[in-house]
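Read the structure below first, then the notes.
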Amino acid sequence: MAEQRNNTVYCRNLEESVKIPVLTATLETLFSQYGNILEIVAKKNLRARGQAFVVFDSVDAAERAIKEVQGFNLFEKPMVLQYAKTKSDATVEVESNEAEFEAHKRRRLAEKERKQAIRAAEAQKHLKRPAQSGPSHGLAADSSRPTKKAATAAPSAPGGLKSTAAPAAPQIPDEYLPPNKILFLQNLPDNATSDILNGIFGSFEGFKEVRLVPGRKGIAFVEYENEAGAISAKENTQGMSLGPDGSGVVKVTYQRQ
DNA sequence: AGCACA
């Protein structure tokens with residue numbers, strides 16, 4: 001798939017030892033020849049070092065910059081330039097209204113949390129000794145927090161026994177499943193009848209249906225025509241209490257696919 | 001290698 005054009009140039013293979021203010025200042029002088037720069041973002045943490053985002057006020061400027069500066073030796077290292085894969089906040093801020101800007105940031109933060117959850121699940125997978133038995137049921141108690149637990153990694157089995165189990169796919173906690181058009185409701189109180197649920201979830205854009213699960217108390221699925229409907233329904237019903245006294249706080253997540 | 005914006 002061809003790379004998506006973007007106002008922002010993603011720079012990598014930058015010399016990691018140069019201080020951030022020096023780096024951004026240098027990038028600024030270098031790139032300002034190709035257009036107006038709204039912002040340059042560079043950080044020094046482990047995951048982000050050696051990279052920078054140069055936000056131009058137009059995609060044409062970004063394109064020129066990529067063409068011209070590609071491979072340029074900066075601090076003895078050839079820069080590698082691409083379009084950034086998502087829009088910068090600064091771009092959305094100037095190109096949209098306040099509401100869209102806020103929505104953009106909310107989506108971005110949600111996506112960021114989601115990625116962190118995936119990384120956490122990924123890290124678990126690598127630390128985890130083969131589980132004693134049975135498939136994981138995905139009840140990660142608190143995987144949002146870095147685990148401080150001392151690694152009590154059992155030494156590998158002395159008999160040279162190898163686990164034949166295929167490594168389980170990393171289980172992302174419910175909360176961080178990617179958006180899709182079907183919501184998964186949990187912890188529904190007994191009084192949450194199909195009528196009640198239809199009443200609540202039916203008021204959102206693109207509502208299709210509520211599906212209770214025969215023989216399973218407390219859960220249901222709600223389907224929408226499209227993702228946007230499901231997203232707004234989720235955002236507006238999250239943590240809603242359906243019980244009498246403010247009990248029965250419903251958990252609303254996207255369906256695991 | 002690594003795609004951020006408290």
Side-chain angles (χ1 to χ4, degrees), chain A residues 1-32 34-127 143-146 167 170 172 175-179 231 235:
Chain A
M1 188 180 106
E3 190 172 40
Q4 190 59 36
R5 280 161 55 85
N6 192 304
N7 284 30
T8 301
V9 177
Y10 169 65
C11 315
R12 60 178 182 84
N13 198 39
L14 303 175
E15 173 54 49
E16 301 185 8
S17 63
V18 337
K19 297 283 186 293
I20 295 299
V22 179
L23 178 64
T24 51
T26 312
L27 291 171
E28 160 101 47
T29 26
L30 177 56
F31 280 107
S32 54
Y34 305 96
N36 289 331
I37 296 174
L38 298 186
E39 185 183 27
I40 297 180
V41 177
K43 298 170 80 87
K44 67 163 193 282
N45 66 68
L46 185 60
R47 189 176 303 283
R49 66 182 55 160
Q51 300 152 77
F53 297 84
V54 180
V55 186
F56 284 99
D57 67 351
S58 77
V59 283
D60 289 340
E63 178 175 23
R64 284 192 296 271
I66 290 178
K67 292 266 149 63
E68 303 295 326
V69 186
Q70 189 68 268
F72 181 88
N73 254 48
L74 187 67
F75 305 113
E76 324 280 73
K77 297 188 69 177
M79 288 195 280
V80 180
L81 307 180
Q82 301 170 286
Y83 292 110
K85 55 170 68 147
T86 59
K87 279 196 181 194
S88 299
D89 287 357
T91 302
V92 179
E93 186 170 20
V94 302
E95 289 184 353
S96 326
N97 57 37
E98 188 71 21
E100 283 179 60
F101 179 48
E102 292 308 321
H104 168 84
K105 282 194 291 190
R106 274 192 290 113
R107 271 196 304 273
R108 180 170 74 66
L109 265 346
E111 184 59 20
K112 181 176 178 175
E113 280 196 26
R114 201 174 92 67
K115 279 183 181 164
Q116 278 167 4
I118 292 171
R119 275 201 296 271
E122 206 61 66
Q124 279 311 109
K125 187 176 77 171
H126 290 296
L127 291 185
S143 46
S144 63
R145 196 165 297 283
I172 306 168
E175 291 79 355
Y176 300 111
L177 292 168
I231 291 173
E235 285 179 355

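Within every chain, numbering begins at 1; the chains are lettered A, B, ... in the order of the sequence lines, protein sequences first and strands thereafter.
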For residues 78-87 of chain A, tabulate all N or O donor-acceptor pairs below 3.5 Å that involve a side-chain atom, not counting sequence neighbours.
residue, atom, partner, partner atom, Å
A:Lys87, NZ, A:Glu95, OE1, 3.2

TODO: For the residue pair A:Val54 and A:Cys11, establish whether any side-chain heavy-atom pair is separated by less than 4.5 Å.
DONE: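 Yes - at least one pair of side-chain heavy atoms lies under 4.5 Å apart.
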
For [X], which contact category applies under a 4.0 Å heavy-atom criterion: base, sugar-phosphate, or nothing?
X        : result
A:Phe101 : nothing
A:Lys105 : nothing
A:Lys87  : base
A:Lys43  : sugar-phosphate
A:Glu16  : base
A:Ala48  : nothing

Open item on the list: Of all nucleotides in DNA chain B that come within under 4.0 Å of a heavy atom of chain A, which is furthest toward the 5' end and which toward the 3' end?
Closed with: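 Endpoints of the contacted stretch of DNA chain B: B:dA1 to B:dA6.
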
TODO: Scan residues 35-60 of chain A for pairs that pass ring pair (Phe, Tyr, Trp, His ring centres under 6.0 Å), counting only residues two or more places apart or in two chains.
DONE: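 Checked against ring pair (Phe, Tyr, Trp, His ring centres under 6.0 Å) - neighbours excluded - the pairs reaching residues 35-60 of chain A are A:Tyr10-A:Phe53.
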
Open item on the list: For A:Arg47 and A:Glu39, find the nucleotide of DNA chain B closest to each by heavy atoms; which residue's nucleotide sits nearer the 5' end?
Closed with: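 Nearest nucleotide further toward 5': that of A:Arg47.
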
Task: salt bridge (Lys or Arg N to Asp or Glu O under 4.0 Å) contacts in which one or both residues fall within residues 65-79 of chain A, not counting sequence neighbours - done: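 Listed once each, the pairs are A:Glu63-A:Lys67.
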
Task: Selection residues 40-62 of chain A - residue pairs positive for salt bridge (Lys or Arg N to Asp or Glu O under 4.0 Å), sequence neighbours left out - done: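 The answer is A:Arg5-A:Asp60.
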
Task: ring pair (Phe, Tyr, Trp, His ring centres under 6.0 Å) partners of A:Phe31, counting only residues at least two apart - done: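 If we apply the ring pair (Phe, Tyr, Trp, His ring centres under 6.0 Å) test to A:Phe31, skipping adjacent residues, there are no hits.
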
